[in-house]
Q: 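Structure provided below as C-alpha cells; questions to follow.
We're numbering straight along the sequence, starting at 1. Whatever order the structure lists them in is the order used to number ligands and atoms, beginning at 1. Model, not experiment: these values are computed from the prediction.
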Amino acid sequence: MGKGYKVSITGVGSFLPKKVLTNDDLSKMLDTTDEWITKRTGIKERRIVENGVAASDLAVDASLRALEDANVLPSEVDLIVTSTITPDCLFPSTSCYIQEKIGARNAGAFDLLAACAGFVYALSVAKGFVASGAMKTVLVVGAECMSKITDYTDRSTCILFGDGAGAVVVQQGNGRREIITTSLGSDGSQAELLMLPAGGSKLPASRETVESRSHYIKLRGKEVFKQAIINMVDVVTKAAAENNIRVEDVDMIIPHQSNIRIIEAAMEKLKLPKERAYVNINRYGNTSSASIPIAIDEIEKEKLLKPGDTAILVAFGGGLTWGSAVIKW
Ligand code: UT7
C-alpha cells in the first residue's frame, strides 16, 4: 500500500488549569500521605478545573495555541478529532463544542475514545486523512477533566488523575516533526480492568448507579500496572524495528504519564537510560489522552529535541488499548 503524502505536526499547544491539588491536600481529604503517593506513583501534584469548566473549555485554549503555533486560521481547519473520556456530555461530541468556540466554520468534527491511548489513536487518524490527500489540516486534541469522574473517596485511584489539554495541528510534511509511522492495538477481553461502569446504554444512570458510585473510574491498578510495562516495552521495540531503528538510537521516548514506576521499569527493560523518557507526571499526574500532547508542547518550549532527532510516542490504557507513533523531529 502506498504511503501517500508526508505528514507533519506543524503546531502544538497545551493548557493546564491553574488550580493545584497537592498530595498534602489529598492527605487532608482521605487516608494517604505525600510519601506514599510520591514513592508509588511519582506524582507530587495535579491540576484540577473549577466547577463549571468542561473538557471543551480546556481544549479551546490548547487548540488556539496550537493553531497560532502552526500559523493556521481556525477557518482553515478541515477536521477536528478530539480524544477524551470526559466529554462535555455523551453527545454531541466535544469536538463540536470546540468547533463552535474556536470558529472552525469549515471543519468536520468528531470524538474518538481510546482512553489513555486516545491521543495516539487520534494522531493516527489525522495522519491517514492527510497522507491520503483527503484533508489538508487536521486539529488533533486530547482534553480531559479527569477530576469529574474521579472518586475522591477511593484512595487507590484519586491520587492518580489530573485535568489538562493538549492539541496539535497535522498537515502535509514541512520537514519538521514528521509522523513516520503509527501503530495501534487493543484487547477488549480485559475491558473490566479500567472502566467507568455507568451512564452508558448498558447501565444507564439511576438512583442505584449513583448510590454505588458507578459513575466514577474503577481501576484494578496492580493488573494494569504489570500489563502497562510489558506492553510499553513491546510497542516501542516493534515501532523501532518497523523503522529499522535500533532502540538505543531513539533520542526520546514520550510516554503516556501513568506512573513513574511503569515508565522507569519499561526504560530499564528497553536498556535505555531513564532520562531518555520525558516525564512530567510529578506536576500533572495522569491526564489520560492529554498527557502526550502536553509533553510535546513542553518538549518544544524547552527545545529538548533538535531537528532530525527520533522520538517515539507510546501510550497504554483502558480498553485495553495501546499505540505508538514514531516522529522525526
Ligand atoms: O493510565 C493508564 C492506566 N493506569 C495505570 O497505569 C495505573 C496503574 N497502576 C498503578 O499505578 C498502581 O497500581 C497504583 C498506584 C494504582 C497502586 O499502587 P500499587 O503499588 O499497585 O499499590 P497496591 O494497590 O498494591 O496497594 C498497596 C497497599 C495496599 O495496602 P495493603 O493491602 O498492602 O495493606 C493499599 O491499600 O497500599 C495501600 N494504598 C494506599 N496507601 C496509602 C493504596 N492506595 C493508597 C494511598 N495511600 N493512596
Q: Determine whether more than 12 heavy atoms belonging to other residues, nucleotides or ligands lie under 6.0 Å from atom CG of N71.
A: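 For N71, atom CG is not crowded (no more than 12 foreign heavy atoms under 6.0 Å).
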
Q: Please state which part of C116 comes within less than 4.0 Å of ligand 1, counting heavy atoms only: side chain, backbone, both or neither.
A: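 Just the side chain.
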
Q: With L139 as reference, evaluate L79, V170, I102 under the side chain to side chain contact (heavy atoms under 4.5 Å, CB included) test and give the passing residue.
A: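 Answer after filtering L79, V170, I102: I102.
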
Q: Might you check, step by step, whether the distance between atom 41 (N) of ligand 1 and some protein heavy atom is under 4.0 Å?
A: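 For atom 41 (N) of ligand 1 the answer is yes, since some protein heavy atom falls inside 4.0 Å.
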
Q: Closest non-hydrogen protein atom to atom 1 (O) of ligand 1, residue and atom name please, with distance?
A: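 For atom 1 (O) of ligand 1, the nearest protein heavy atom is N286 ND2, 2.7 Å.
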
Q: May I ask you to identify, for L194, whether its side chain, its backbone, both or neither come under 4.0 Å of ligand 1 on a heavy-atom basis?
A: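 Near ligand 1, L194 shows its side chain, while the N, CA, C and O stay back.
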
Q: Among all protein heavy atoms, pick the one closest to atom 16 (C) of ligand 1 and tell me residue, atom and distance.
A: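 Closest protein heavy atom to atom 16 (C) of ligand 1: S156 O, 3.5 Å.
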
Q: Just distances here: any N/O of T41 and N/O of ligand 1 closer than 3.5 Å?
A: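 Between T41 and ligand 1 (N or O atoms, distance only) the closest approach is not under 3.5 Å.
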
Q: Just to confirm my output: which protein heavy-atom neighbour is closest to atom 5 (C) of ligand 1, and how far is it?
A: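 Nearest protein contact, heavy atoms only, for atom 5 (C) of ligand 1 is V224 CG1, 3.8 Å.
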
Q: Could you pull out the closest heavy-atom pair between M267 and K274, with the gap in Å?
A: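 That closest heavy-atom pairing would be CB-CA, 4.2 Å.
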
Q: Just to confirm my output: which protein heavy-atom neighbour is closest to atom 20 (O) of ligand 1, and how far is it?
A: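 That would be R40 NH1, 2.7 Å.
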
Q: Tell me: protein heavy atom nearest atom 18 (O) of ligand 1, and distance?
A: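 The closest one turns out to be R261 NH2, 3.7 Å.
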
Q: With a 4.0 Å cut-off on heavy atoms, is A228 touching ligand 1?
A: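 No, A228 has no heavy atoms under 4.0 Å from ligand 1.
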
Q: Where is the tightest heavy-atom contact between I253 and V236, given as atom of each residue plus distance?
A: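 For I253 versus V236, the nearest heavy atoms are CD1-CG1, 3.8 Å.
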
Q: What verdict does the salt bridge (Lys or Arg N to Asp or Glu O under 4.0 Å) test give for D69 and R65, after you've listed the backbone C-alpha separation in whole Å, the side-chain angles of each residue and the deciding distance to 0.1 Å?
A: CA-CA 6 Å; D69 189 43; R65 289 173 189 187; over 6 Å; no

Q: Quick one: look up the protein heavy atom nearest atom 36 (O) of ligand 1 and list residue, atom name and how far away it is.
A: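 The protein heavy atom lying closest is R155 NH2, 2.9 Å.
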
Q: Any nitrogen or oxygen of T33 lying under 3.5 Å from a nitrogen or oxygen in ligand 1? Just yes or no.
A: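 There is no such contact.
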
Q: Heavy-atom distance from atom 24 (O) of ligand 1 to the protein below 4.0 Å?
A: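 Neighbour list for atom 24 (O) of ligand 1 is empty of protein heavy atoms (cut-off 4.0 Å).
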
Q: For atom 17 (C) of ligand 1, grab the closest protein heavy atom and report residue, atom and distance to one decimal in Å.
A: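 Answer for atom 17 (C) of ligand 1: W36 CH2, 4.0 Å.
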
Q: Are any of the N/O atoms on G221, whether in the backbone or the side chain, positioned under 3.5 angstrom from an N/O atom of ligand 1?
A: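 Right, the criterion is met.
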
Q: Identify the closest protein heavy atom to atom 2 (C) of ligand 1: which residue and atom is it, and at what distance?
A: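 Answer, as residue, atom name and distance: F316 O, 3.6 Å.
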
